[in-house]
J.: 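Below is one structure. I have some questions about it.
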Amino acid sequence: MLMHPDFDPVAVALGPLKIHWYGLMYLCAFAFAFWICKLRAKQNRAPFKPSQVDDIIFYVAMGTVVGGRLGYILFYNFGEFLSNPLILFQVWKGGMSFHGGFLGVVLAITLYCRKHKLAVGDLLDFAALAAPIGLFFGRMGNFIGQELWGRPTDLPWGMVFPADPSGLARHPSQLYEAVLEGLVVFVVIYFYLNIKRPRWAAAALFIILYGSFRFLVEFAREPDAHIGFDLFGWISRGQLLSLPMIIIGLIVIIWAYKKHLPSANLPRTPASMSKRQSRSKGKSGSKGKSGSKGKR
């Protein structure tokens with residue numbers, strides 16, 4: 001049995017100003033997204049220019065925060081919202097939903113792409129690389145803040161959370177999600193982006209993997225006390241929201257491979273670029289020769 005380190009939820013306190021670990025985790029997530037966007041754009045492996053990164057991160061941040069909050073109210077706390085609509089703005093009490101944040105990001109990216117005439121699928125494919133590390137930091141924030149702990153277990157790595165009044169050893173489900181939804185999905189998407197694939201396929205693979213891992217980890221995660229199970233006495237709200245993601249992801253990835261739409265996120269190595277240049281020179285040279293023959 002393990003004991004939770006019982007971190008102070010406040011990372012830095014400067015007089016009345018208090019910076020919580022959960023807020024810092026969001027900052028780390030957006031900082032990583034900014035870094036990976038800049039890096040890949042400079043390598044010509046992104047569907048946007050380096051100068052566009054600031055605006056893209058702003059759109060994504062707004063989509064994440066607004067969508068995450070609205071999703072939590074809609075999916076997990078709608079009854080209380082009806083009786084007290086002001087809870088929508090009581091963000092200091094916590095409450096964010098990944099599924100809501102995901103929909104918010106999709107909408108934000110769609111608006112940005114329409115404004116700047118970019119292919120939505122290309123930018124969503126790219127977002128699939130940055131999102132898993134954001135999930136990793138978010139779940140670590142849950143772990144530090146002793147939120148969303150797991151169900152009771154007698155496994156050797158069962159953990160006692162000081163904030164849990166029952167004092168039971170529980171699955172550290174936040175860490176399960178950080179590893180599976182965060183690190184594992186990132187590694188898979190990273191390598192997948194380095195092979196030839198159609199537009200929309202990486203985004204579809206991301207939601208398939210996330211939905212599948214989330215569905216599995218929910219078996220070890222304690223359901224929300226005010227909700228319990230939604231179906232059959234074992235299907236939780238998180239599982240109910242993840243099933244459509246898996247189904248939609250499978251449909252989209254099959255459709256993507258049938259359509260074979262070209263992707264703007266394919267790797268462009270110096271060797272491949274020089275081959276393209278030599279081919280174009282060869283074609284221009286052959287055109288010149290045929291033209292001179294015609295003049296004769």
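Keep in mind the model is a prediction, meaning the values are calculated, not measured.
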J.: Show, in sequence, the C-alpha distance, side-chain angles and deciding distance for Tyr112 and Ile56, and conclude whether the side-chain contact (heavy atoms from CB on, under 4.5 Å) test is met.
T.: CA-CA 7 Å; Tyr112 182 86; Ile56 291 173; 3.5 Å; yes

J.: Trp21 side chain to Asp8 main-chain N or O, any donor-acceptor pair under 3.5 Å?
T.: yes

J.: Quick check: closest heavy atoms across Tyr192 and Ile195, and the distance to 0.1 Å?
T.: O-CG1, 3.1 Å

J.: On a heavy-atom basis, which atom in Ala128 and which in Ala202 lie closest, and how many Å separate them?
T.: CB-O, 3.7 Å

J.: For residues Ala256 and Ala201, report the shortest heavy-atom separation together with the two atoms involved.
T.: CB-N, 4.2 Å

J.: With distance as the sole criterion, is a donor-acceptor pair present between the side chains of Ser263 and Arg197 under 3.5 Å?
T.: yes

J.: Using a 3.5 Å distance criterion without hydrogens, assess whether the side chain of Ser97 forms a donor-acceptor pair with backbone atoms of Gly100.
T.: yes

J.: Could you walk me through whether Phe213 and Glu218 satisfy the side-chain contact (heavy atoms from CB on, under 4.5 Å) test, starting with their C-alpha distance in whole Å, then the side-chain angles of each, then the deciding distance to 0.1 Å, before giving a yes or no?
T.: CA-CA 9 Å; Phe213 286 141; Glu218 284 284 329; over 6 Å; no

J.: Does the ring centre of Phe102 sit less than 6.0 Å away from the ring centre of Tyr210?
T.: no

J.: When rounded to the nearest 0.5 angstrom, what distance separates CG in Leu180 from CG in Leu135?
T.: 11.5 Å

J.: What is the distance from atom NZ of Lys115 to atom CG of Asp55, rounded to the nearest 0.5 Å?
T.: 7.0 Å

J.: Please answer whether the main-chain N or O of Ala163 pairs with a side-chain N or O of Gln146 as donor and acceptor at a distance below 3.5 Å.
T.: yes

J.: Is it the case that atom OH in Tyr257 sees more than 12 heavy atoms from other parts of the structure closer than 6.0 Å?
T.: yes

J.: Are Tyr22 and Met140 close enough that some pair of their side-chain heavy atoms sits under 4.5 Å apart?
T.: no

J.: Please say yes or no: joined through hydrophobic side-chain contacts below 4.5 Å, possibly via intermediate residues, are Ile207 and Phe215 part of one cluster?
T.: no

J.: Is the distance between the ring centroids of His116 and Phe48 under 6.0 Å?
T.: no

J.: Do the charged groups of Arg199 and Asp125 touch, with an N to O distance under 4.0 Å?
T.: no

J.: Answer yes or no: is there a donor N or O on one side and an acceptor on the other, between the side chain of Asn194 and the main chain of Tyr190, under 3.5 Å?
T.: yes

J.: Out of curiosity, does Met159 fall in the hydrophobic cluster containing Phe7 (side-chain heavy atoms, cut-off under 4.5 Å, transitive links)?
T.: yes

J.: I'd like to know if Phe75 and Ile235 are part of one continuous hydrophobic network [Ile/Leu/Val/Met/Phe/Trp/Tyr, side-chain heavy atoms within less than 4.5 Å].
T.: no

J.: Can you see which heavy atom on Tyr176 is nearest to which on Ala220, and at what distance?
T.: CE1-CB, 4.0 Å

J.: Taking Lys38 for the side chain and Pro50 for the main chain, is one N or O donor matched with an acceptor at less than 3.5 Å?
T.: yes

J.: Check the pair Phe136 / Phe32 against ring-ring contact (aromatic ring centres under 6.0 Å, His included), numbers first and verdict last.
T.: CA-CA 11 Å; Phe136 169 80; Phe32 174 82; 9.8 Å; no

J.: Counting C-beta onward and ignoring hydrogens, is there a side-chain heavy-atom pair between Leu209 and Val184 closer than 4.5 Å?
T.: no

J.: So which atom in Pro5 and which in Phe143 form the shortest heavy-atom distance, rounded to 0.1 Å?
T.: CD-CZ, 4.2 Å

J.: Are Leu168 and Val160 close enough that some pair of their side-chain heavy atoms sits under 4.5 Å apart?
T.: no

J.: Do Glu80 and Asn77 have side-chain atoms, one donor and one acceptor, less than 3.5 Å apart?
T.: yes

J.: Can you hop from Phe191 to Ile208 via hydrophobic side chains spaced under 4.5 Å?
T.: yes

J.: Could you tell me whether a side-chain N or O of His4 sits under 3.5 Å from a main-chain N or O of Asp6, the two making a donor and an acceptor?
T.: yes

J.: A side-chain contact here means heavy atoms from C-beta on lying under 4.5 Å apart; do Met245 and Leu241 qualify?
T.: no

J.: Taking the side chain as everything from C-beta on, heavy atoms only, tell me whether Ile19 gets closer than 4.5 Å to Val10.
T.: no

J.: Would you kindly confirm whether Val217 and Phe219 end up in one hydrophobic cluster when ILVMFWY residues are joined by side chain heavy atoms under 4.5 Å apart?
T.: no

J.: The test is side-chain contact (heavy atoms from CB on, under 4.5 Å); show your working for Phe137 and Tyr26 and say whether it passes.
T.: CA-CA 7 Å; Phe137 283 119; Tyr26 266 82; over 6 Å; no

J.: Would you check if Leu39 and Trp35 make a side-chain contact, meaning some heavy-atom pair closer than 4.5 Å?
T.: yes

J.: What's the verdict on salt bridge (Lys or Arg N to Asp or Glu O under 4.0 Å) for Asp224 and Arg237, showing C-alpha distance, side-chain angles and the deciding distance?
T.: CA-CA 8 Å; Asp224 294 84; Arg237 183 65 53 87; over 6 Å; no

J.: Taking atom CZ of Phe58 as the centre, report whether more than 12 heavy atoms of other residues, nucleotides or ligands fall under 6.0 Å from it.
T.: no

J.: Answer yes when Glu222 and Arg151 have at least one side-chain N-carboxylate O distance shorter than 4.0 Å, and no when they do not.
T.: no

J.: Quick one: CZ on Phe34 to CD1 on Ile57, what's the gap to the nearest 0.5 Å?
T.: 7.5 Å

J.: Under a 3.5 Å distance rule, please check whether Ser173 uses its side chain to pair with a backbone N or O of Leu148 as donor and acceptor.
T.: yes

J.: Identify the heavy atoms of Ala130 and Ile36 that sit nearest to each other, and give their distance.
T.: CB-CG2, 4.0 Å

J.: Is any side-chain N of the basic residue among Arg221 and Glu177 closer than 4.0 Å to the acidic one's carboxylate O?
T.: yes

J.: Are the side chain of Arg69 and the backbone N or O of Leu88 linked by a donor-acceptor pair below 3.5 Å?
T.: yes

J.: Say whether Asn142 and Glu147, considering side chains only, have a donor N or O and an acceptor N or O under 3.5 Å apart.
T.: yes

J.: Side chains of Trp149 and His171: does their closest heavy-atom pair fall under 4.5 Å?
T.: no

J.: Enter the distance from Ile253:CD1 to Leu205:CG here, rounded to the nearest 0.5 Å.
T.: 5.0 Å

J.: So, do Arg170 and Asp164 sit near enough that their side-chain heavy atoms are less than 4.5 Å apart?
T.: yes

J.: Using the rule given for side-chain contact (heavy atoms from CB on, under 4.5 Å), can you reason through Leu250 versus Ile247, listing the C-alpha separation, both sets of side-chain angles and the distance that settles it, and then say yes or no?
T.: CA-CA 5 Å; Leu250 289 170; Ile247 296 169; 5.8 Å; no

J.: Just grab all the salt bridge (charged side-chain N to carboxylate O under 4.0 Å, His left out) pairs involving residues 243-257, residues at least two apart or on different chains.
T.: none

J.: With rounding to the nearest 0.5 angstrom, report the CD to CZ distance, Gln239 to Phe229.
T.: 8.0 Å

J.: Return the OH to SG distance between Tyr59 and Cys113, rounded to the nearest 0.5 Å.
T.: 10.5 Å

